[in-house]
There are 2 protein chains.
Amino acid sequence: MNRKKNITFDDIAKYTNFSKTTISRYFNNPDSLTLKNQEIIAQALVDLDYKENKVARILASGKTEFIGIVIPFLHNHYHLEMLTQILLTYEQFGYKFLVFIGNGEKETERQYIDELLAYKIEGLLILSFTIPSRELADLPIPIVTIEREDKYVSSVNTDNYMGGVQATSLLAKHGCDILIHLNTHTSPSIPSYGRIKGFLDLCEEKHLNQRVIYKDIGTEYETMKKNMGEILDEIEAEYSGMKKGIFVSNDTNANVLLNLLIRKYGRLPDDYYIVGFDDSPISREAVMSISTVGQQIDKIAFEAVSLLVEQMNERKKRRPTPLTEPVHKVVTPVLLRRETTEH
Amino acid sequence: MNRKKNITFDDIAKYTNFSKTTISRYFNNPDSLTLKNQEIIAQALVDLDYKENKVARILASGKTEFIGIVIPFLHNHYHLEMLTQILLTYEQFGYKFLVFIGNGEKETERQYIDELLAYKIEGLLILSFTIPSRELADLPIPIVTIEREDKYVSSVNTDNYMGGVQATSLLAKHGCDILIHLNTHTSPSIPSYGRIKGFLDLCEEKHLNQRVIYKDIGTEYETMKKNMGEILDEIEAEYSGMKKGIFVSNDTNANVLLNLLIRKYGRLPDDYYIVGFDDSPISREAVMSISTVGQQIDKIAFEAVSLLVEQMNERKKRRPTPLTEPVHKVVTPVLLRRETTEH
DNA sequence: TTGTAAGCGTTATCAG
DNA sequence: CTGATAACGCTTACAA
């Protein structure tokens with residue numbers, strides 16, 4: 001903020017012989033001025049090279065048009081793409097975003113939220129998993145979470161259950177003898193648990209031979225390769241000769257499995273069918289394109305901001321009717337058949 | 001901003017029988033109060049559940065602690081990772097970021113910058129390529145650009161030239177008979193032009209047989225595959241029997257080439273050596289890990305914010321000595337030898 | 001070490 | 001349709 005000489009409403013008022021109030025009206029309710037006076041002021045704006053100061057406006061009006069975001073520090077495609085899509089909603093809603101990257105520590109993330117609150121954000125989007133929704137619900141502004149535990153707050157998530165069903169059905173259709181799901185142990189309170197449940201329910205319904213392998217594969221590529229290698233060895237030993245349908249919890253891991261197979265056999269053996277989850281870039285860029293369940297990240301981002309803005313607007317009414325119950329929206333995923341199942 | 005009743009310095013002042021000023025001092029210069037009085041105020045803060053209001057502070061002090069970012073709308077790993085690393089510098093510098101995603105249109109991006117200016121950002125980080133640096137230089141706040149045309153403004157970039165030299169040397173060391181560089185036509189005013197120049201200069205210096213193939217591969221995976229396929233056909237025809245060292249302008253494209261070869265031969269033929277650029281995730285996740293030139297994104301982000309903050313601080317001095325010439329910092333890339341050259 | 005009072009640049013309220 | 005004047009909540013000389 002240049003301490004020197006910023007042109008203010010006062011300057012414009014003097015220059016045009018109107019009052020500050022009239023200048024303010026020119027911006028907020030121009031129709032209340034005569035056309036002629038509007039023109040006079042418009043000209044003065046140009047003559048004086050006026051630049052607006054939103055900080056002053058916020059202080060006076062109480063409307064920041066800021067939304068806070070707390071996103072976990074993950075290098076995965078999903079969160080980064082989600083952030084991008086959220087930022088892009090500026091075009092539709094006009095809200096500006098103040099972004100903090102969480103580090104997984106409760107105390108730090110609480111501090112971030114306090115800082116956001118100090119900037120008078122009007123709503124908060126939480127993607128980070130650190131702070132339980134019970135605590136978030138007590139914040140004095142509307143909250144919407146994305147793809148995390150959301151019992152006490154509103155949220156937008158992928159329909160993970162349907163995604164699990166879709167992936168499993170695809171493998172079932174190919175007549176696999178054994179359906180295997182690879183995942184980590186996941187709490188039922190987390191949306192992605194639906195992937196496991198979808199898998200299990202469909203297998204039960206269709207009386208399919210199934211197995212869930214719970215194992216944390218790790219995040220370093222070399223570690224992932226090693227852990228996945230062990231899983232693969234076990235699968236090869238256990239289900240040799242059978243047609244194997246493997247639903248992997250995400251594309252990154254599915255790709256590790258695929259690479260292992262390709263390097264072992266030079267190509268994907270006929271008795272392997274693989275489906276991933278996320279439609280992340282790797283699913284397209286892999287040696288063979290990986291069938292996957294695509295999350296509609298743009299839709300989720302839009303719905304989340306939309307839901308948030310609705311609640312923010314509700315608060316601005318004279319007689320606000322705040323939500324009594326958290327709203328949980330769900331976005332349908334899209335099954336993408338690619339080479340790892342259509343070979 | 002809750003219109004109702006926010007606790008303000010006035011309330012605290014009344015509660016403690018101090019003046020507003022003293023309360024302000026408690027926050028900005030606590031040592032100027034007696035320990036006892038500090039405690040009294042601290043207690044009052046708790047009793048009244050005071051929440052700070054940075055908007056008011058900004059208006060009064062002129063310091064927003066905001067940095068604006070305009071980043072292009074690209075789904076590539078590089079920009080998203082850079083954004084993440086920039087946001088993470090909050091820990092060190094305390095500046096908050098207001099992020100806009102450019103759409104490549106000058107008029108829109110100018111509007112974004114105006115909006116940022118209206119929020120009284122203290123500095124601006126530009127990653128988008130749309131607006132020429134000539135125009136950026138006229139903005140009334142410090143600017144730093146990252147990896148784009150930067151003639152008239154300060155910038156931080158990867159040392160692309162050295163990267164080109166490193167990649168080329170690696171291929172040369174393996175005794176390749178022909179060195180091929182795949183790239184698009186690039187203006188010398190853009191940092192990444194250095195990759196081409198580095199390649200050419202080294203080849204000339206070492207009297208190496210070289211060839212640059214300029215071709216826009218596209219962004220859709222299928223298109224890329226098709227275009228790269230044509231290039232590969234030509235290479236196979238032209239340089240059959242020769243040991244080929246191929247330096248591809250980025251990892252995404254290098255991976256396309258690698259996949260094509262693997263699918264054709266079941267493995268990477270012995271007479272192919274491939275180096276990419278960026279150290280993007282795909283270079284590790286590919287069927288064979290891809291040798292590449294790693295950009296130190298965290299360092300670049302840090303240097304950029306650091307350079308910006310320096311200039312911002314300079315302005316706050318009583319007698320500021322603004323930069324007379326733009327500063328161009330350069331971050332050394334790191335050569336990563338992986339399977340595509342060490343087979 | 002503490003207080004007084006004048007801003008910072010808008011918007012809101014109440015008149016006219 | 002237009003204008004005074006008081007907020008908004010904090011910082012910053014200048015005093016004491």
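Sequence lines set the chain letters: A, B, ... in the order given, protein chains first and strands last, and positions in each chain run from 1.
Annotation: cation-pi geometry satisfied between B/R134 and B/Y152 (NZ/CZ under 6.0 angstrom from ring centroid, within 45° of ring axis).
Between A/Y50 and C/dT10 there is a side-chain N or O to OP1 or OP2 distance below 4.0 Å. Side-chain nitrogen and oxygen atoms of B/T8 include none within less than 4.0 Å of the OP1 or OP2 phosphate oxygen of D/dG9. The side chain of B/S24 contributes no N or O atom lying less than 4.0 Å from OP1 or OP2 of D/dC10. Here A/Y26 does not reach the OP1 or OP2 of C/dT11: none of its side-chain N or O atoms lies under 4.0 Å away. When the side-chain nitrogen and oxygen atoms of B/N28 are compared with OP1 and OP2 of D/dT11, one or more of them lie within a distance under 4.0 Å. Side-chain nitrogen and oxygen atoms of B/T22 include at least one within less than 4.0 Å of the OP1 or OP2 phosphate oxygen of C/dG3.
Rounded to whole angstrom, the span from the CZ atom of A/F9 across to the C1' atom of D/dA4 amounts to 16 Å. Rounded to an integer number of Å, the gap from A/L48 CG to C/dG9 C1' is 15 Å. When rounded to the nearest whole Å, the span between OH of A/Y119 and C1' of D/dC10 equals 13 Å. Remark: P of D/dT2 and CG of A/D31 are 12 Å apart, rounded to the nearest angstrom. Atom NZ of A/K20 is separated from atom C1' of D/dT5 by 9 Å (rounded to the nearest Å). We find that CG of A/N29 is positioned 12 Å from P of C/dT11, with the value rounded to whole Å. Following rounding to the nearest Å, A/L59 (CG) and D/dC8 (P) show an atom-to-atom distance of 9 Å. Atom CZ of B/R57 is separated from atom C1' of C/dG9 by 18 Å (rounded to the nearest Å).
For the pair A/E52 and B/L33, both in contact range of DNA chain C, the more 5′-proximal nearest nucleotide belongs to B/L33.
Side-chain atoms of A/K54 and base atoms of C/dT10 include no donor and acceptor less than 3.5 Å apart.
A/N157 is not listed as a side-chain neighbour of A/I300, based on a closest heavy-atom distance of 4.5 Å or more.
Below 30°, between 30° and 60°, or above 60°: for A/F93 and A/F302 the angle between ring planes is between 30° and 60°, a tilted geometry.
Aromatic pair A/Y90/A/F97: centroids not less than 6.0 angstrom apart. Proximity of the aromatic rings of B/Y50 and B/F27 is defined here by a centroid distance below 6.0 angstrom, and this criterion is met.
Each of D/dA4, D/dT11, C/dT4 was ranked by its minimum atom distance to the side chain of B/S61; first place goes to D/dT11. The A/T34 side chain lies nearest to D/dC1 when the options are D/dC1, C/dT11, D/dT11. In the set D/dT12, C/dT1, D/dG9, D/dT12 carries the atom at the smallest distance from any side-chain atom of B/K63. Listed nucleotides C/dG3, C/dA12, D/dT2 differ in distance to B/F18; the shortest reach to its side chain belongs to C/dG3.
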Between the protein and nucleotides 13-16 of chain C, which nitrogen or oxygen pairs come in under 3.5 angstrom?
none

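Atom NZ of B/K299 has 12 or fewer heavy atoms from other residues, nucleotides or ligands within 6.0 Å.
Of all heavy-atom pairs spanning A/L88 and A/Q92, the tightest one is O-NE2, 4.2 Å.
Looking at heavy-atom distances under 4.0 Å, A/N17 makes contact with sugar-phosphate atoms alone, never a base.
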Yes or no on salt bridge (charged side-chain N to carboxylate O under 4.0 Å, His left out) for B/K96 and A/E115, after CA distance, side-chain angles and deciding distance? CA-CA 10 Å; B/K96 271 70 62 181; A/E115 176 114 25; 2.8 Å; yes
